[in-house]
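As the structure is a prediction and not an experimental result, all values here were calculated from the model. Chain A is the first sequence line, chain B the second, and so forth, proteins listed ahead of strands; every chain is numbered from 1.
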2 protein chains.
Amino acid sequence: MSERKKRKPGETREKLMSAVLTLVGKGRHFASLGIREVTRQAGVVPTSFYRHFRNMDDLGLQLVDELGLVLRRMMREARENVLQADKLIEESVGIFVSHAQANRSYFLFMAQGLAGESRAIQDGIRSEMRYFASELANDLRRLKMVDHLSDGDLDMTCDLVVRSVAFSLTDLIGVSADDEYQIEQIRKRTCRFLQLIFVGAAHWDR
Amino acid sequence: MSERKKRKPGETREKLMSAVLTLVGKGRHFASLGIREVTRQAGVVPTSFYRHFRNMDDLGLQLVDELGLVLRRMMREARENVLQADKLIEESVGIFVSHAQANRSYFLFMAQGLAGESRAIQDGIRSEMRYFASELANDLRRLKMVDHLSDGDLDMTCDLVVRSVAFSLTDLIGVSADDEYQIEQIRKRTCRFLQLIFVGAAHWDR
DNA sequence: ACAACATGTGAACAAGTGTACACATTAAGC
DNA sequence: GCTTAATGTGTACACTTGTTCACATGTTGT
């Protein structure tokens with residue numbers, strides 16, 4: 001295979017997907033976007049859309065896949081940086097918040113998709129959250145922090161943790177991306193939520 | 001004032017608002033609805049819309065107000081029926097789930113609005129949730145169940161409770177309205193979440 | 001070099017959109 | 001009963017929408 005010429009393959013595809021993210025980042029809702037609007041934002045003729053996607057839901061599903069990559073990157077960074085257990089929550093939530101800012105549009109899209117119009121996208125995002133929760137359960141087991149919990153109870157706990165963190169996305173929506181004070185408040189509150197949950201888990205028995 | 005004739009005042013207004021709820025109940029997202037589509041569903045000519053609302057966001061805001069009434073009715077029913085404290089969680093979650101089924105469209109609209117396109121609607125729904133959480137805190141204080149918690153910690157706990165219940169709305173979206181088994185699963189899981197949170201609150205200190 | 005293919009483009013269409021205006025009907029107040 | 005305001009209706013206009021088609025261009029494999 002030789003080196004690529006002027007136009008990289010899949011360049012328009014990327015432009016279309018990031019056009020959606022741009023519009024979502026500007027406050028638009030995915031469900032209200034049309035093909036023409038997206039192609040216009042991407043600087044491409046409407047017909048090009050069909051070269052890469054069958055319809056908007058198709059594009060949304062591929063965005064969910066990219067979202068999965070973003071989440072995995074975040075998870076890896078958390079695993080590398082959270083070494084000692086005592087600051088586990090603070091570190092993890094901090095990494096989450098900074099990723100949510102760096103990839104704001106992806107997380108906005110995620111928050112929208114959970115109650116969005118496309119069932120397939122809903123399921124995709126829910127599936128990503130389940131995977132995330134199960135990985136979290138694995139990590140907690142490995143760190144020997146939850147030996148007294150049954151597998152089912154640990155899964156439930158991690159599910160609740162992931163949900164609580166995900167819900168804080170709706171808080172982040174409400175503040176402008178550079179309002180450091182408000183973001184710090186959200187970060188602290190999310191930490192307290194998780195601490196409360198882990199205190200509950202530590203005293204859970206039945 | 002005399003009795004009303006054929007056309008009740010505000011009849012079209014109601015028809016428009018419930019037309020939106022009908023469409024949302026069918027799986028559509030509020031952000032993707034247009035004036036013409038709503039008036040068509042309501043069996044009304046497009047121009048009538050402007051007699052009652054300035055635009056779709058205006059209608060959405062008035063729907064948030066009605067949602068507030070629905071939530072208050074639910075709260076009243078919970079207060080009447082939850083007498084003994086030992087079954088507090090089961091009873092409350094049960095009442096929530098049954099209300100969420102009876103007013104499915106309202107709660108779908110609520111779940112959508114949290115990450116919706118209109119900032120005003122987002123804020124409205126968040127405000128309803130805050131009110132709900134503060135009322136819950138009052139009740140718990142009155143029942144003498146949380147004497148060891150400071151006001152701030154109690155507020156946080158109730159906030160987390162309300163969020164967890166609200167998040168289960170996104171679960172209810174995913175199942176058809178008559179899938180009793182799945183709904184029962186969601187009910188049980190939500191109960192466990194709340195139990196875990198309350199165990200955490202019972203052992204919370206600092 | 002040439003065929004096969006993937007990708008981008010412009011014009012075109014029918015259908016749907018938001019909104020304004022003038023007009024009809026009804027309800028309420030004097 | 002008459003006036004006034006509120007509410008519903010039909011028409012119209014300028015745009016936007018999704019989608020198709022025929023065609024141009026560039027890339028790849030042989």
Distance-only donor-acceptor pairs under 3.5 Å for side chains of residues 54-63 of chain B, two or more places apart:
{"from": "Asn55(B)", "atom 1": "OD1", "to": "Asp57(B)", "atom 2": "N", "distance (Å)": "3.2"}
{"from": "Asn55(B)", "atom 1": "OD1", "to": "Asp58(B)", "atom 2": "N", "distance (Å)": "2.9"}
{"from": "Asp58(B)", "atom 1": "OD2", "to": "Arg54(B)", "atom 2": "N", "distance (Å)": "3.0"}
{"from": "Gln62(B)", "atom 1": "OE1", "to": "Arg13(B)", "atom 2": "NH1", "distance (Å)": "2.2"}

Exercise. Are Asp155(A) and Arg189(B) ion-paired here, with the side-chain N under 4.0 Å from a carboxylate O?
Worked result: no

Problem set entry | Nearest-angstrom distance from the residue atom CD of Glu11(A) to P of dT27(D) | 11 Å

Exercise. Salt-bridged, Arg130(A) to Asp159(A), with N to O below 4.0 Å?
Worked result: no

Exercise. Where do Ser176(A) and Asp179(A) land on the side chain to side chain donor-acceptor pair (under 3.5 Å) test, with the steps shown first?
Worked result: CA-CA 6 Å; Ser176(A) 62; Asp179(A) 189 341; 4.7 Å; no

Problem set entry | Arg72(B) to Phe132(B), cation-pi by 6.0 Å centre distance and 45° axis angle | no

Exercise. Think His52(B) has a side-chain N or O under 4.0 angstrom from the OP1 or OP2 of dG8(D)?
Worked result: yes

Exercise. Using the ring of each side chain (for Trp, its six-membered ring), is Phe109(A) parallel, tilted or perpendicular to Phe30(A), with breaks at 30° and 60°?
Worked result: perpendicular

Exercise. So does Lys26(B) pair up with Glu117(A), basic N to acidic O under 4.0 Å?
Worked result: no

Exercise. Taking atom P of dA27(C) as reference, at what distance in whole Å does atom CZ of Arg13(B) sit?
Worked result: 19 Å

Exercise. Any ion pair linking Glu37(A) and Arg40(A) (charged N to carboxylate O, less than 4.0 Å)?
Worked result: no

What pairs of nitrogen or oxygen atoms, one from the protein and one from nucleotides 19-23 of chain C, lie under 3.5 Å apart?
{"from": "dT19(C)", "atom 1": "OP2", "to": "Tyr50(B)", "atom 2": "OH", "distance (Å)": "2.8"}
{"from": "dT19(C)", "atom 1": "O5'", "to": "Tyr50(B)", "atom 2": "OH", "distance (Å)": "3.3"}
{"from": "dT19(C)", "atom 1": "O4", "to": "Arg36(B)", "atom 2": "NH1", "distance (Å)": "3.4"}

Problem set entry | Nearest-angstrom distance from the residue atom CD of Glu37(B) to P of dG16(C) | 11 Å

Problem set entry | Atom pair distance, as rounded to whole Å: CZ in Phe49(A) and P in dG10(C) | 19 Å

For this session: With a 4.0 Å heavy-atom cut-off, tell me which residues in residues 59-66 of chain B come close to DNA chain C, sorted by residue number.
Result: none

Exercise. Nearest-Å distance, CZ (Phe53(B)) to P (dG18(C))?
Worked result: 15 Å

Problem set entry | Residue whose closest nucleotide on DNA chain D lies nearer the 5' end, Leu33(A) versus Gly43(B) | Gly43(B)

For this session: Take atom CD of Gln41(B) and atom C1' of dT17(C), then tell me their distance rounded to the nearest Å.
Result: 18 Å

For this session: Would you tell me if any nitrogen or oxygen in the side chain of Arg40(B) comes within less than 4.0 Å of OP1 or OP2 on dT17(C)?
Result: yes

Exercise. Would Glu90(A) and Lys87(A) pass as an ion pair if we require N to O under 4.0 Å?
Worked result: no

For this session: Measure from CE on Met56(A) to C1' on dT17(D) and round the result to the nearest Å.
Result: 13 Å

